[in-house]
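Got a structure here, written out as structure tokens. Questions coming.
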Amino acid sequence: MHKPLSCMREGRIAYIQDIVGCPKRKRHLEEMGFTPGSPVEVCKCCCKGPLVVTIRGSKMMLGQEMAQDIMVR
């Protein structure tokens, strides 16, 4: 079952399945390392604020809108 990264809870690890949305944003996220099959850990999330995630050994902050385009399982 796929769901948006924005729905993940803190401390959970998921694997990226796909990136949806406009091609420009998809390419940008892939360049940041958000590629299918990559594990991503949600380090911190706020209800409607940004998420802090760890991917490929780096911590990054994502807005809710971007996190909704990253589908994980």
**Item:** Side-chain hydrophobic cluster, 4.5 Å single linkage: members besides Met61
**Value:**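 Members other than Met61 - counting any ILVMFWY side chain reachable under 4.5 Å - are Val52.
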**Asked** salt bridge (Lys or Arg N to Asp or Glu O under 4.0 Å): which pairs involve residues 29-42, sequence neighbours left out?
**Response**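 Passing the test, one end in residues 29-42: no pairs.
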**Prompt:** Can you find a pair of side-chain heavy atoms, one from Phe34 and one from Met60, that are under 4.5 Å apart?
**Reply:**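 Side chain of Phe34 against side chain of Met60, heavy atoms only: contact under 4.5 Å found.
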Expected list for residues 1-22: side-chain donor-acceptor pairs under 3.5 angstrom, two or more places apart:
{"residue": "His2", "atom": "NE2", "partner": "Gln17", "partner atom": "OE1", "Å": "3.3"}
{"residue": "Glu10", "atom": "OE2", "partner": "Cys45", "partner atom": "N", "Å": "3.3"}

**Prompt:** Is the closest side-chain heavy-atom distance between Asp69 and Lys26 below 4.5 Å?
**Reply:**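 The answer is no, as the side chains (C-beta and beyond) never meet within the 4.5 Å cut-off.
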**Item:** For Arg27, all residues meeting side chain to side chain donor-acceptor pair (under 3.5 Å), sequence neighbours excluded
**Value:**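 With neighbours one apart ignored, the set is empty.
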**Prompt:** If you measure from CD on Gln68 to CD on Gln64, what distance do you get to the nearest 0.5 Å?
**Reply:**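 Rounded to the nearest 0.5 Å, the CD-CD separation comes out at 6.0 Å.
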**Item:** Listed partners of Thr35 passing side chain to side chain donor-acceptor pair (under 3.5 Å), at least two apart
**Value:**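 Scan of Thr35 (side chain to side chain donor-acceptor pair (under 3.5 Å), adjacent residues dropped) gives Ser38, Arg56.
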**Pair Leu29-Met66, side-chain contact (heavy atoms from CB on, under 4.5 Å): steps then yes or no** = CA-CA 8 Å; Leu29 287 167; Met66 275 192 161; 4.0 Å; yes
**Minimum-distance pair of heavy atoms, taken over all atoms of Ile55 and Gly33** =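 Closest pair (atom of Ile55, atom of Gly33, distance): CD1-O, 3.3 Å.
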**Residue list, side-chain contact (heavy atoms from CB on, under 4.5 Å) with Pro36, at least two apart or on another chain** =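 Scan of Pro36 (side-chain contact (heavy atoms from CB on, under 4.5 Å), adjacent residues dropped) gives none.
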**Message:** Could you work out, with salt bridge (charged side-chain N to carboxylate O under 4.0 Å, His left out) as the rule, every residue matching Glu65, not counting sequence neighbours?
**Reply:**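 Salt bridge (charged side-chain N to carboxylate O under 4.0 Å, His left out) list for Glu65, sorted by chain: Arg25.
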